[in-house]
A.B. asks: 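Take this structure, written in structure tokens, and hold onto it; I'll ask about it next.
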Amino acid sequence: MTNATQAYSYAGPSTLSEGHLGLSTSGGRTATGFTDHPRFFSGLLTQAAPAAAGLLAVADVALARYHRPQPGFTRDPVVTCGGDRLRFESFSACGGVYSRLDVLGPALDGEVFDRGTTNVDVNNPLREALARVGGRDPLHVGVGPDEVTVTTLDGAVVEKKVPLPARWLRGFAEVQVIAAGFDLRAELPGPQAVRFLRGLPKRASAEVWAVLAGRDLRVSDRQVPGGVHLAGVGRLATMMPLLRFVKALRVYGPADGSGAGAVELELPGMRYTLALSPQTWRGFSGEGAVLDDLSGDQVAGDADLVGVLLNFEPTLELGVLAERSGLTPQRVRAALTQLGTAGRVGYDLAEAAHFHRELPYDRDHVAALNPRLTSARGLVEKGAVRLTGPDSAEVTTGGGVRAVRLESGSCTCPWWYDHQGSRGPCKHVLAARIAAQEVPGGEPAATVPDLPVRETSR
């Protein structure tokens, strides 16, 4: 599996001393351009203890590998300043848990210098200091190098080079696409929220569904329509230190109770969200949710157009972007998916809206991270697709002829039989849909391959 190497270069270590939290930043893109050490914010966190505990929770997820734990992962959280809020994000090394702390306007009192996204240094001494923060007194925070005590001896800096597996970036893309299909399933006030989380099975690998029962949540050991799937309840562990601050709990998921699920804690002036993949061994990068939106010929161009309209807004409205770009809402949604695969778009469940952030990946790198889509385009280029009707096609490969239904996404290949569409469309369905888009007027046109195409990855 392809890995990218991410180099973090900090002007100095992040520190917490005498009521001052200095978060050192690495290179990142801002509203004013790329900056080696951007400075975003200086002021007060009006709720010190929950903010410190929330930041530590995000950092803990960044270090965690929930499936087959092993040491050695040192990724740093991502922070985005959207003007009226700070968003801290991380993804587990196993690709199955996404976390985010949204520090909102009521919890911030200070000056915003710029908007943008970067990594922040969270070192072991800082972790120990964050764990000791108590009470609800304000804490001064600076996000940027001017607020950090910089080591000046010999111009020393803090440098980290870490591998970011392909599944890590694909996970960021899959989470925002999957989450956009979630609905709010239940909401509990603080005391009930604490009781629910503390009442979950003690076995970390337990798989349950959170089901609304009257005004409370109960736990079921089987899939229930309207329930929220929580696979591996031990992956919610970073929420436990936050329970003393909880004002409310919300659970989100698809209507049929299948697939992934998310839990959100409302804290004083902030929110902490965890999204869990469908199984502990299965990362979000295997879901395939982005592939349909990425398969259209015009998506890349639309993404370029929509991308230039983004300016680190805390929420992105489809209608506004459609009006400004001249595209339909459907095309804007597909463009946001494309932007998400480059780490440029996330999704906020509480506000049911996308938000803009930037991660350091380009479109060429993204294309390599979607081998199924690459294989599908290869099949089309080699003439392996024959459209046999408005909703049907045959795709010829070295493994035989695959019969495809375009609308339902069904196929006669082993991939479809194994997953029944639960992990996105197979390469044959994608190839057929791409070929159908290329036919003028939408009428099927037969394409017959000269030679069988060798079967590769599904």
Side-chain angles (χ1 to χ4, degrees), residues 170 173-174 176-183 223-226 229 253-261 277-279 282 284-299 328-331 333-334 336-338 340-341 370-380 382-449 453 455-458:
R170 292 207 306 271
E174 297 288 352
Q176 64 94 10
V177 176
I178 293 170
F182 285 179
D183 293 317
Q223 182 175 333
V224 179
H229 188 203
D256 61 2
S258 66
S277 63
Q279 281 88 34
R282 179 171 158 189
F284 282 104
S285 62
E287 296 308 297
V290 303
L291 296 176
D292 270 328
D293 280 343
L294 296 183
S295 62
D297 278 345
Q298 52 195 5
V299 172
T328 65
Q330 182 178 6
R331 286 177 65 177
R333 186 177 292 106
L336 289 174
T337 300
Q338 173 74 57
T341 64
N370 291 284
R372 232 184 297 169
L373 182 59
T374 302
S375 296
R377 286 176 172 151
L379 289 169
V380 174
K382 294 174 182 177
V385 180
R386 187 170 74 91
L387 300 176
T388 57
D391 186 45
S392 61
E394 292 180 347
V395 182
T396 302
T397 73
V401 178
R402 310 301 185 189
V404 168
R405 290 289 181 182
L406 279 73
E407 184 174 352
S408 67
S410 65
C411 182
T412 56
C413 72
W415 172 266
W416 191 85
Y417 280 113
D418 287 344
H419 302 290
Q420 301 286 309
S422 66
R423 302 189 72 174
C426 67
K427 66 179 180 182
H428 312 108
V429 170
L430 285 170
R433 289 173 175 171
I434 292 171
Q437 291 172 357
E438 294 179 350
V439 176
E443 296 297 326
T447 60
V448 182
V453 179
E455 187 94 19
T456 56
S457 63
R458 295 191 181 93

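Because only heavy atoms are used, hydrogens play no part in the values below, and waters and symmetry mates are left out as well, while side chains stay in. Note that the coordinates shown come from a computational prediction; the quantities given were computed from them, not determined experimentally.
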A.B. asks: Show the nearest heavy-atom pair for residues Pro278 and Ala260, with the distance to one decimal.
C.D. replies: CG-N, 3.9 Å

A.B. asks: List the atom of Arg433, the atom of Ser408, and the distance in Å for their closest heavy-atom pair.
C.D. replies: NH2-C, 4.2 Å

A.B. asks: Mind checking the OG-NE2 spacing from Ser410 to His428? Nearest 0.5 Å is all I need.
C.D. replies: 13.0 Å

A.B. asks: Restricting to non-hydrogen atoms, name the atom on Pro254 and the atom on Phe182 that form the minimum distance, rounded to 0.1 Å.
C.D. replies: CD-CE2, 3.6 Å

A.B. asks: Kindly compute the distance separating OG1 (Thr412) from CD (Glu394), expressed to the nearest 0.5 Å.
C.D. replies: 9.0 Å

A.B. asks: Tell me the closest heavy-atom pair linking Ala436 and Leu406, and the distance in Å.
C.D. replies: CB-CD2, 3.6 Å

A.B. asks: Between Gly409 and Val429, which heavy-atom pair has the shortest distance, and what is it?
C.D. replies: O-CG2, 3.3 Å

A.B. asks: So, taking the atom named SG in Cys426 and the one named CG in Asp418, what distance separates them when rounded to the nearest 0.5 Å?
C.D. replies: 11.0 Å

A.B. asks: What's the verdict on side chain to side chain contact (heavy atoms under 4.5 Å, CB included) for Thr396 and Arg386, showing C-alpha distance, side-chain angles and the deciding distance?
C.D. replies: CA-CA 8 Å; Thr396 302; Arg386 187 170 74 91; over 6 Å; no

A.B. asks: Would you give the length of the straight line joining atom CG of Leu379 to atom NZ of Lys427, rounded to the nearest 0.5 angstrom?
C.D. replies: 5.5 Å

A.B. asks: Compare all side-chain heavy atoms of Glu407 with those of Pro390 and state whether any distance is below 4.5 angstrom.
C.D. replies: no

A.B. asks: Can you tell me if Gln223 uses its side chain to pair, donor with acceptor, with the backbone of His229 under 3.5 Å?
C.D. replies: no

A.B. asks: Do you know which two heavy atoms are closest between Ala435 and Val380, and how far apart they sit?
C.D. replies: N-CG2, 4.3 Å

